Visitor: 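Sending over a structure as structure tokens; questions will come in a sec.
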Amino acid sequence: MLQKAPKRARLSAAASASPRSGIRDVFDRLERYEDVISFAVGEPSFTAPHHVAQAGQVAISQGRTHYTNVLGIPELRRAIAGYSQRVKGLTYDPASEIQAVPGATLGLYLALRAIADPGDEILLCTPHFASYDAQIVLASATPVHVALRAENAMRMDADDIAAAITDRTRAIIINSPSNPTGAVTPASELARIGDVCRDHGLWVISDEVYHPFVYGEATENSSSKALGKTPSAASIAAIPGMKERTVVVDSLSKTYAMTGWRIGYMLGPADLIAETSKIAETINSSNNAPAQYAAVAALTGLQTEVDEMRAQYARRRQIVIDALRDCPELRLVAPEGAFYAFVDVRGTGLGSREFSERLLDEFHVAVIPGEAFGSAGDGFVRISYAGNEDDIASGMARIVEFARSLGDPSR
């Protein structure tokens with residue numbers, strides 16, 4: 001008797017439709033070389049401050065390593081509330097409006113799962129963080145891109161957002177300071193975006209993981225600077241009438257160089273946090289306990305290390321700006337925040353992917369092609385200046401040499 005051929009098990013359409021990050025493509029190519037100067041990784045070169053690491057070690061030594069409330073330990077939620085009030089001017093109830101999460105990326109996904117229904121549209125200002133599209137697709141919603149413009153310093157624009165809204169639009173994801181552009185949208189424009197969202201009944205998911213890293217004009221214009229506090233980019237949740245329709249997603253990964261600790265948090269209305277915590281019970285159940293105690297120490301302790309990181313990033317940013325100043329083949333809108341520069345390479349005659357591939361192959365410098373952050377990024381590359389200053393200076397010199405060589409017929 002002939003046996004029937006086994007029927008193939010099928011993968012989900014959502015998983016198949018979820019795009020692979022273009023950043024991973026660059027990491028795969030990096031393995032071919034041993035002497036690469038990499039501007040590809042968006043990770044601080046620093047490590048967590050000593051008192052933060054020590055708090056985690058103490059938690060482990062005292063056996064505080066068990067399950068915790070899915071919202072986070074009470075001490076952490078109180079610390080998040082105090083920090084958010086002190087630095088951003090935001091007031092949230094630790095008991096019902098704050099949720100700890102194992103990294104901001106999961107926080108973004110939880111927010112989308114709580115907000116979006118199948119077929120809903122989620123607006124993205126693009127170029128954008130590479131995971132947004134995939135997360136929206138996995139939430140069974142549809143990403144809709146709103147192109148950022150270099151002539152507007154890659155800042156978000158309320159009129160452009162309003163023009164993209166349809167009767168299916170449910171929410172908009174905003175990110176300031178921005179990955180990948182380094183743009184900081186001022187509070188005045190966030191207020192206009194807030195008006196648009198209220199008029200159309202939209203949610204806002206505000207990705208604020210780079211909030212303390214602002215420079216130049218953005219530093220001088222920050223509300224916290226005016227109050228004599230640590231500089232911080234403006235939060236749309238601070239705009240009157242926006243707190244009740246905004247989910248703030250933040251993390252300790254960048255602020256305190258705690259990427260591997262996997263600890264972040266969400267701020268939002270109590271009814272939304274009730275839903276995101278319910279979803280989190282089925283995904284991660286709890287958060288890393290020692291990391292939560294370390295996070296308490298980070299948020300409540302002295303912020304001198306954060307100030308020093310900001311100062312060092314400002315110096316590294318200036319190295320990038322100075323290197324490109326006299327290179328007509330490459331154009332740069334000076335980044336105002338985060339630790340990224342988005343460089344226009346169209347003057348070289350190459351697209352962003354070919355530019356990044358040849359730069360790696362010929363000069364052993366890794367950058368991320370702009371299209372990894374959406375179609376509006378084509379013609380640009382992202383440079384992360386989170387590394388050490390010597391490597392940044394050497395790498396930028398190679399980038400400029402490569403760009404100039406493209407006009408040299410001898411190559």
Side-chain angles (χ1 to χ4, degrees), residues 42 44 80 83-92 104 107-108 124-125 127-129 132 148 152-158 161 172-194 197 204-240 242-243 246-257 264-268 298-299 303 305-314 316-317 333-342 382 384-386:
I80 292 167
Y83 178 89
S84 299
Q85 173 62 52
R86 201 166 57 246
V87 174
K88 299 183 183 181
L90 303 176
T91 302
Y92 287 89
L108 293 166
L124 298 174
C125 293
H128 56 269
F129 175 51
Y132 293 159
L148 299 167
N152 191 40
M154 292 294 188
R155 296 167 178 165
M156 293 176 288
D157 182 271
I161 290 168
I172 177 171
I173 299 177
I174 67 174
N175 178 212
S176 175
S178 164
N179 174 10
T181 69
V184 177
T185 299
S188 57
E189 193 61 26
L190 291 177
R192 295 184 66 234
I193 294 170
C197 293
V204 175
I205 301 173
S206 184
D207 180 349
E208 301 181 7
V209 301
Y210 296 98
H211 71 269
F213 302 126
V214 289
Y215 321 105
E217 182 181 344
T219 303
E220 298 306 317
N221 291 341
S222 71
S223 57
S224 52
K225 176 76 171 184
L227 295 172
K229 302 175 184 176
T230 298
S232 175
S235 172
I236 196 169
I239 304 297
M242 288 305 296
K243 177 184 172 184
T246 299
V247 187
V248 174
V249 180
D250 211 330
S251 170
L252 283 78
S253 290
K254 315 297 182 177
T255 304
Y256 299 99
Y265 54 91
M266 304 167 63
L267 311 171
L299 293 166
Q303 303 297 299
E305 286 89 348
V306 179
D307 294 336
E308 177 57 27
M309 279 191 277
R310 184 189 307 103
Q312 290 201 40
Y313 289 143
R316 297 169 187 183
R317 166 183 176 267
V333 176
E336 297 177 304
F339 39 68
Y340 303 108
F342 211 54
R382 189 194 75 174
S384 168
Y385 51 87

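From a predicted model like this one, the values you see are computed outputs, not experimental measurements.
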Visitor: Is it true that a side-chain atom of Ser235 and a backbone atom of Lys88 form a donor plus acceptor pair closer than 3.5 Å?
Guide: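 Side chain of Ser235 to backbone of Lys88: no pair is present.
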Visitor: Can you name the nearest heavy-atom pair linking Ser232 to Val214, along with the distance?
Guide: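 Result for this residue pair: N-CG2, 4.3 Å.
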Visitor: Is there a side chain to side chain contact (heavy atoms under 4.5 Å, CB included) between Ile174 and Val204 once you walk through the steps?
Guide: CA-CA 7 Å; Ile174 67 174; Val204 175; 3.9 Å; yes
Visitor: Apply the ring-ring contact (aromatic ring centres under 6.0 Å, His included) test between Tyr210 and each candidate in Tyr340, Tyr313, Tyr215, Phe129; give the one that qualifies.
Guide: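 For Tyr210, the ring-ring contact (aromatic ring centres under 6.0 Å, His included) test succeeds with only one of Tyr340, Tyr313, Tyr215, Phe129, which is Tyr340.
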Visitor: Between His128 and Asn175, is a side chain to side chain contact (heavy atoms under 4.5 Å, CB included) present by the stated rule, with each step listed?
Guide: CA-CA 8 Å; His128 56 269; Asn175 178 212; over 6 Å; no
Visitor: Under 3.5 Å, is there a donor-acceptor pair between the side chain of Arg155 and the main chain of Pro186?
Guide: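 Between the backbone of Pro186 and the side chain of Arg155 there is no qualifying donor-acceptor contact (under 3.5 Å).
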Visitor: At their closest point, which heavy atom of Ala334 faces which heavy atom of Arg317, and how far apart are they?
Guide: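 Taking Ala334 first and Arg317 second, the nearest heavy atoms are CB-NH2, 4.1 Å.
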Visitor: Which heavy atom of Val333 sits nearest to which heavy atom of Ala153, and what is that distance?
Guide: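 Result for this residue pair: CG1-CA, 3.6 Å.
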Visitor: For a quick test of reading the model, state the closest non-hydrogen atom pair linking Phe342 to Thr181 and the distance between them.
Guide: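 Phe342 and Thr181 have their closest heavy atoms at CB-CA, 3.8 Å.
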Visitor: Let me confirm one number: the CD1-CG distance from Ile173 to Leu108, rounded to the nearest 0.5 Å.
Guide: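 If I round to the nearest 0.5 Å, the distance is 6.5 Å.
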Visitor: Does any N or O in the side chain of Glu208 come within less than 3.5 Å of the main-chain N or O of Pro177, such that one atom is a donor and the other an acceptor?
Guide: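 Not at all, since once roles are kept as given, no pair shorter than 3.5 Å links the two residues.
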Visitor: What I'd like to find out is whether the side chain of Ile239 reaches to under 4.5 Å of the side chain of Ile193, using heavy atoms alone.
Guide: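 A side-chain contact under 4.5 Å is absent here.
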Visitor: How many angstroms lie between atom CG of Asp207 and atom CG of Asn179, to the nearest 0.5 angstrom?
Guide: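 If I round to the nearest 0.5 Å, the distance is 8.0 Å.
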Visitor: At their closest point, which heavy atom of Leu190 faces which heavy atom of Ala234, and how far apart are they?
Guide: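 Distance-wise, the nearest heavy atoms are CD1-O, 3.6 Å.
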Visitor: Of the non-hydrogen atoms in Thr246 and Ser206, which two are nearest, and what is the gap between them?
Guide: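 Result for this residue pair: CG2-CB, 4.2 Å.
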Visitor: Report the distance from atom CD1 of Ile172 to atom SG of Cys125, rounding to the nearest 0.5 Å.
Guide: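 Atom-to-atom, Ile172:CD1 and Cys125:SG are 4.5 Å apart.
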Visitor: Nearest 0.5 Å please: distance from the OH atom of Tyr92 over to the NZ atom of Lys243.
Guide: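 Interatomic distance, Tyr92 OH to Lys243 NZ, rounded to 0.5 Å: 6.0 Å.
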Visitor: Look at the aromatic rings of Phe339 and Tyr385 and report parallel, tilted or perpendicular, splitting at 30° and 60°.
Guide: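 Ring orientation, 0 to 90° scale: perpendicular.
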Visitor: Say you draw a straight line from CD1 of Ile161 to CE of Met156; how long is it, rounded to the nearest 0.5 Å?
Guide: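 That separation rounds to 6.5 Å.
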Visitor: Roughly how far apart are Ser84 OG and His211 NE2, rounded to 0.5 Å?
Guide: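 The NE2 atom of His211 is 8.0 Å from OG of Ser84, to the nearest 0.5 Å.
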Visitor: Can you list the residues that meet the salt bridge (charged side-chain N to carboxylate O under 4.0 Å, His left out) rule with Arg192, with sequence neighbours excluded?
Guide: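 Asp159, Glu189.
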Visitor: Under the criterion side chain to side chain contact (heavy atoms under 4.5 Å, CB included), I'd like the reasoning laid out for Thr255 against Tyr83: C-alpha separation, chi angles, the key distance, then a yes or no.
Guide: CA-CA 12 Å; Thr255 304; Tyr83 178 89; 4.1 Å; yes
